[in-house]
Chemist: 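First, the structure itself, so that you have it in front of you.
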Amino acid sequence: MEEMLFYDRMQFAFTITFHYLFPQLTMGLSLIVVYFKWKFLKTNDPHYNKATHFWMRIFALNFAMGVVTGIPMEFQFGTNWAKFSELTGGIIGQTLAMEGMFSFFLESSFLGMFLFGEKILGHRWHFITGLLICLGSWASGFLIIATHSWMQHPVGYEILANGKFVLNDFAALFSNEWLWPSYLHNQAASMVTSSFVVAGIGAFYILLNKNVSYGKLFLKTGVVFGLISSIIVAMPTGDLLAKNVVKHQPVTFAAMEGIFHTEKKGAEIVLIGQPDVKDKKLDNKIAVPNVLSFLTYGNWDTEVKGLDQFAVDKHPTNISGLYYAYHIMVGLGTLFIGVMVLAVFQLSRKQLFQTKWLLWTFMFLMPFPYIANITGWYTAELGRQPWLVYDLLRTADGASPTVSSGNTLFTLMGFVGLYALLGMLFAILVGKIIYHGPEPKHS
């Protein structure tokens, strides 16, 4: 059973990690595309319209990859996690069905019109279709996170005699106090990814001395969007989400922060340290006294509960993985704010486009928002373990009893090979778009 559960979780972890490389760009990029089109309508500057088409081509490729890699996850609910689907399908099936029926179709329907219908629609209606694509993209994220938030903090349900969960308050799904901080945090994080990609490609053009006018436009846009979204990720959304974890999942919070023993007179915040789960301590730590208590409760001396206050069977199953995922996410988020503040400062001094080391920094940092987003999701998922529905349904009780570990491992290897090919194809196609640049080929 343990081997089967391990491969079930590994397969879902791999497929969802690869899948989320694409939606995290499309959600943020859809807003930037709408911004470029709006700027064209305001200024009639053709650079903005060509920028719109350039980034929409990259958006379309990301969207297609997101669809292709998202389908297997839907099937896994019925194969690897059939018991979970059977017990909770009356609740999560509603939000997932709404995501497919409304958000996905809204996004996909207008995508074709936006890509190929500008001459027929005219610029104003072209802008409207872009706005609807953005709305569909963000609504899709909302409904997925509504599902996730119910698993983290179940509300509006009752459990029947046969163990099935049914919804008795539909509105509770969307007024869940876990939902809005999670959603806004996720969307801001998607904007960070998009901002760094836009800024990084802009820096690439400037350094290459090719499409320089577009390079400057992309870099400036990415920096401004990036500063705003990087701050929002930390405050208020990240802070509100952390307070939800403290309130509803205190054992998760203790593991995230590496607090093995309750700190009664104020908890320190650990900057660096390696968790030793066996001996219940942090090795080689560098910490600042009492700061965690202040950030969490607004008081320097408030007690913060450690893992020693909770039954061992309630502890997260991978404390070290959770600790590192959380600290990588927070560390990178802090770095992003610092880089964006510095870039905006240089932009205000009209020195940004000449600061080569900063241009190289943006190119180098392009992959790192993806890492931060993935480790953020790992923090949420590892933090909820050993539960599928927090404190109600254990992960071991949601797996399919009839799918063997060998079958799961075989299909996992198939996914790895297939996704590697898809990833290479995607990189080649995006590389060609970037190489040709925003100007038409004949110009």
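All residue numbers refer to positions in the sequence shown, counting from 1. Please read these numbers as outputs of a predicted model, since none were measured by experiment.
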Chemist: What pair of heavy atoms forms the shortest contact from Met191 to Ser229, and how long is it?
Modeler: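 Answer, listing the atom of Met191 first, then Ser229: CB-CB, 3.5 Å.
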Chemist: Apply side-chain contact (heavy atoms from CB on, under 4.5 Å) to residues Lys243 and Lys247 and explain how you reach the verdict.
Modeler: CA-CA 6 Å; Lys243 285 180 168 61; Lys247 181 179 179 181; over 6 Å; no
Chemist: Can you name the one residue among Tyr370, Trp377, Tyr378 that meets side chain to side chain donor-acceptor pair (under 3.5 Å) with Thr17?
Modeler: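 The passing option is Tyr378.
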Chemist: Does either side chain, that of Tyr323 or that of Glu257, offer a donor lying less than 3.5 Å from an acceptor on the other one?
Modeler: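 Absent: no donor and acceptor within the cut-off.
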Chemist: Are His126 and Phe114 close enough that their ring centres sit under 6.0 Å apart?
Modeler: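 Yes, they do, as the ring centres are separated by less than 6.0 Å.
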Chemist: Under a plain distance cut-off of 3.5 Å, with no hydrogens placed, do Lys280 and His261 share a side-chain donor-acceptor pair?
Modeler: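 No - no donor-acceptor pair under 3.5 Å links their side chains.
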Chemist: Side chain of Gln94, backbone of Gly90: donor and acceptor closer than 3.5 Å?
Modeler: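 Indeed, once roles are kept as given, a pair shorter than 3.5 Å links the two residues.
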Chemist: In this structure, is the centre-to-centre distance between the rings of Phe174 and Trp180 below 6.0 Å?
Modeler: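 No; Phe174 has its ring centre 6.0 Å or more from that of Trp180.
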Chemist: Will you find, in the side chains of Asn373 and Ser190, an N or O donor that is under 3.5 Å from an N or O acceptor?
Modeler: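 The answer is no; no qualifying pair exists.
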Chemist: Go through Val192 and Val233 one step at a time and tell me if the side-chain contact (heavy atoms from CB on, under 4.5 Å) criterion holds.
Modeler: CA-CA 8 Å; Val192 172; Val233 165; 3.9 Å; yes
Chemist: Measure the CZ-CG distance between Phe14 and Leu412 for me, rounded to the nearest 0.5 Å.
Modeler: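 Taking CZ in Phe14 and CG in Leu412, the distance rounds to 7.0 Å.
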Chemist: Judged by modelled atom types alone, do Asn290 and Ser293 share a side-chain donor-acceptor pair under 3.5 Å?
Modeler: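 Their side chains do not contain a donor-acceptor pair, so the 3.5 Å distance test is not met.
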Chemist: Considering all heavy atoms of both residues, which atom of Leu241 and which atom of Ser182 are nearest to each other, and what is their separation?
Modeler: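 Heavy-atom minimum between the residues: CD1-OG, 3.2 Å.
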Chemist: One pair to check against ring pair (Phe, Tyr, Trp, His ring centres under 6.0 Å): Trp150 and Phe165. What are the steps and the verdict?
Modeler: CA-CA 12 Å; Trp150 183 83; Phe165 293 74; 5.8 Å; yes
Chemist: Parallel, tilted or perpendicular: which describes the rings of Phe426 and Phe22, with under 30° parallel and over 60° perpendicular?
Modeler: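 If you compare the ring of Phe426 with that of Phe22, the planes turn out perpendicular.
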Chemist: Going by the angle between their ring planes, with limits at 30° and 60°, are Phe415 and Tyr419 parallel, tilted or perpendicular?
Modeler: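 The rings of Phe415 and Tyr419 sit tilted, inter-plane angle from 30° to 60°.
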Chemist: With distance as the sole criterion, is a donor-acceptor pair present between the side chains of Asp308 and Thr262 under 3.5 Å?
Modeler: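 Short answer, yes.
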Chemist: Specify the closest pair of heavy atoms between Leu240 and Pro181, including all atoms of both residues, with the distance to one decimal.
Modeler: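 Nearest heavy atoms, Leu240 then Pro181: CB-CB, 4.0 Å.
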Chemist: Apply the test side-chain contact (heavy atoms from CB on, under 4.5 Å) to residues Tyr326 and Met329: give CA-CA distance (whole Å), side-chain angles for both, the deciding distance (0.1 Å), then the verdict.
Modeler: CA-CA 5 Å; Tyr326 173 68; Met329 175 192 68; 3.7 Å; yes
Chemist: I'd like to know if the side chain of Ser109 and the backbone of Leu106 have a donor-acceptor N/O pair within less than 3.5 Å.
Modeler: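 Looks like no, no N/O pair under 3.5 Å.
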Chemist: How close do Tyr205 and Gly215 get, heavy atom to heavy atom, and via which atoms?
Modeler: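 Residues Tyr205 and Gly215, closest heavy atoms: CB-CA, 3.9 Å.
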Chemist: If you count the non-hydrogen atoms of other residues, nucleotides and ligands that lie under 6.0 Å from NZ in Lys305, is the total more than 12?
Modeler: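 Counting neighbours around NZ of Lys305, 12 or fewer heavy atoms of other residues, nucleotides or ligands fall under 6.0 Å, so no.
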Chemist: Under the side chain to side chain contact (heavy atoms under 4.5 Å, CB included) test against Phe59, which residue among Ile32, Leu25, Leu115, Thr26 passes?
Modeler: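 Considering Ile32, Leu25, Leu115, Thr26, a side chain to side chain contact (heavy atoms under 4.5 Å, CB included) with Phe59 is found only for Thr26.
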Chemist: Determine the minimum heavy-atom distance between Gln152 and Ala380, stating which atoms define it.
Modeler: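 That closest heavy-atom pairing would be NE2-O, 2.9 Å.
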Chemist: Please assess Phe54 against Phe218 for the test ring pair (Phe, Tyr, Trp, His ring centres under 6.0 Å), listing each intermediate value before the final yes or no.
Modeler: CA-CA 11 Å; Phe54 172 79; Phe218 296 164; 5.5 Å; yes
Chemist: For Phe410, does the CZ atom have more than 12 heavy-atom neighbours from other residues, nucleotides or ligands under 6.0 Å away?
Modeler: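 No - once you tally the heavy atoms of other residues, nucleotides and ligands closer than 6.0 Å, there are 12 at most.
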Chemist: Ignoring hydrogens and angles, write down the donor-acceptor pairs under 3.5 Å from the side chains of residues 79-88, residues two or more places apart or on other chains.
Modeler:
residue: Thr79; atom: OG1; partner: Phe75; partner atom: O; Å: 3.1
residue: Asn80; atom: ND2; partner: Asp8; partner atom: OD1; Å: 3.3
residue: Asn80; atom: ND2; partner: Gln11; partner atom: OE1; Å: 3.0
residue: Ser85; atom: OG; partner: Phe77; partner atom: O; Å: 2.6
residue: Ser85; atom: OG; partner: Trp81; partner atom: O; Å: 3.2
residue: Thr88; atom: OG1; partner: Phe84; partner atom: O; Å: 2.7

Chemist: What pairs with Glu263 under salt bridge (Lys or Arg N to Asp or Glu O under 4.0 Å), at least two apart in sequence or on another chain?
Modeler: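 For Glu263 there are no salt bridge (Lys or Arg N to Asp or Glu O under 4.0 Å) partners, ignoring immediate neighbours.
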Chemist: Got a donor-acceptor contact below 3.5 angstrom from the Asn211 side chain to the Pro438 backbone?
Modeler: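 Absent.
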Chemist: Under 3.5 Å, is there a donor on one side chain and an acceptor on the other for Thr147 and Thr95?
Modeler: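 Present: a donor and an acceptor within the cut-off.
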Chemist: Measure the acute angle between the ring planes of Tyr183 and Trp138, then classify it against the limits of 30° and 60° as parallel, tilted or perpendicular.
Modeler: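 The rings of Tyr183 and Trp138 stand perpendicular, inter-plane angle above 60°.
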Chemist: Side chains of Asp169 and Tyr157, heavy atoms from C-beta outward: is any pair under 4.5 Å?
Modeler: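 Asp169 does not reach Tyr157 side chain to side chain.
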Chemist: Enter the distance from Ser149:OG to Tyr390:OH here, rounded to the nearest 0.5 Å.
Modeler: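 It is 15.0 Å, given to the nearest 0.5 Å.
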Chemist: With a 4.5 Å cut-off on side-chain heavy atoms, are Gln309 and Val251 touching?
Modeler: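 Sidechains of Gln309 and Val251: no contact.
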Chemist: Could you go step by step and tell me if Gln249 and His153 meet the side-chain hydrogen bond (donor to acceptor under 3.5 Å, both in side chains) rule?
Modeler: CA-CA 9 Å; Gln249 299 181 9; His153 179 56; over 6 Å; no
Chemist: Please determine, by modelled atom types, if Thr317 and Gln385 share a side-chain donor-acceptor pair under 3.5 angstrom.
Modeler: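 No, Gln385 and Thr317 have no side-chain donor paired with an acceptor closer than 3.5 Å.
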Chemist: Please tell me whether Gln274 and Asn284 have a donor and an acceptor in their side chains that are separated by less than 3.5 angstrom.
Modeler: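 Side chains of Gln274 and Asn284: pair found under 3.5 Å.
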Chemist: May I ask you to check whether over 12 heavy atoms, not counting those of Met413, lie within 6.0 Å of atom CE?
Modeler: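 Enclosed: over 12 neighbouring heavy atoms sit under 6.0 Å from CE of Met413.
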Chemist: What's the separation between atom CD in Glu107 and atom CD1 in Ile133, rounded to the nearest 0.5 Å?
Modeler: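 The CD atom of Glu107 sits 7.5 Å away from the CD1 atom of Ile133.
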Chemist: According to the interplanar angle, ranging from 0 to 90°, do the rings of Phe196 and Phe336 count as parallel (below 30°), tilted (30 to 60°) or perpendicular (above 60°)?
Modeler: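 Aromatic pair Phe196/Phe336 classed tilted.
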Chemist: Going by the angle between their ring planes, with limits at 30° and 60°, are Tyr35 and Phe225 parallel, tilted or perpendicular?
Modeler: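 The arrangement is perpendicular - the two ring planes meet at more than 60°.
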Chemist: Can you name the nearest heavy-atom pair linking Ile91 to Leu167, along with the distance?
Modeler: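 The answer is CG1-N, 3.8 Å.
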Chemist: Looking at OG1 of Thr395 and CD of Glu381, how far apart are the two atoms once the value is rounded to the nearest 0.5 Å?
Modeler: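 These two atoms lie 9.5 Å from each other.
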Chemist: Applying side-chain hydrogen bond (donor to acceptor under 3.5 Å, both in side chains), run through Thr15 and Gln76 and close with a yes or a no.
Modeler: CA-CA 10 Å; Thr15 52; Gln76 284 177 65; 3.1 Å; yes
Chemist: Using a strict 4.0 Å threshold on nitrogen-to-oxygen distance, state whether Lys37 and Glu118 make a salt bridge.
Modeler: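 Here Lys37 pairs with Glu118 in a salt bridge, since their nearest N and O are under 4.0 Å apart.
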Chemist: Output, in order, the C-alpha distance, side-chain angles, deciding distance and verdict of side-chain contact (heavy atoms from CB on, under 4.5 Å) for Ile434 and Val430.
Modeler: CA-CA 6 Å; Ile434 295 170; Val430 170; 3.8 Å; yes
Chemist: When rounded to the nearest 0.5 angstrom, what distance separates CG in Leu292 from OG1 in Thr302?
Modeler: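 Spacing of CG (Leu292) from OG1 (Thr302) equals 10.5 Å.
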Chemist: So, using salt bridge (Lys or Arg N to Asp or Glu O under 4.0 Å) as the criterion, who are the partners of Asp279 when residues are at least two apart?
Modeler: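 For Asp279, no residue satisfies salt bridge (Lys or Arg N to Asp or Glu O under 4.0 Å) once neighbours in sequence are set aside.
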Chemist: Can you establish whether the number of heavy atoms outside Ile120 located under 6.0 Å from its atom CD1 is more than 12?
Modeler: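 12 or below, so no.
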Chemist: Let me confirm one number: the CE-CG distance from Met235 to Leu295, rounded to the nearest 0.5 Å.
Modeler: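 The CG atom of Leu295 is 8.5 Å from CE of Met235, to the nearest 0.5 Å.
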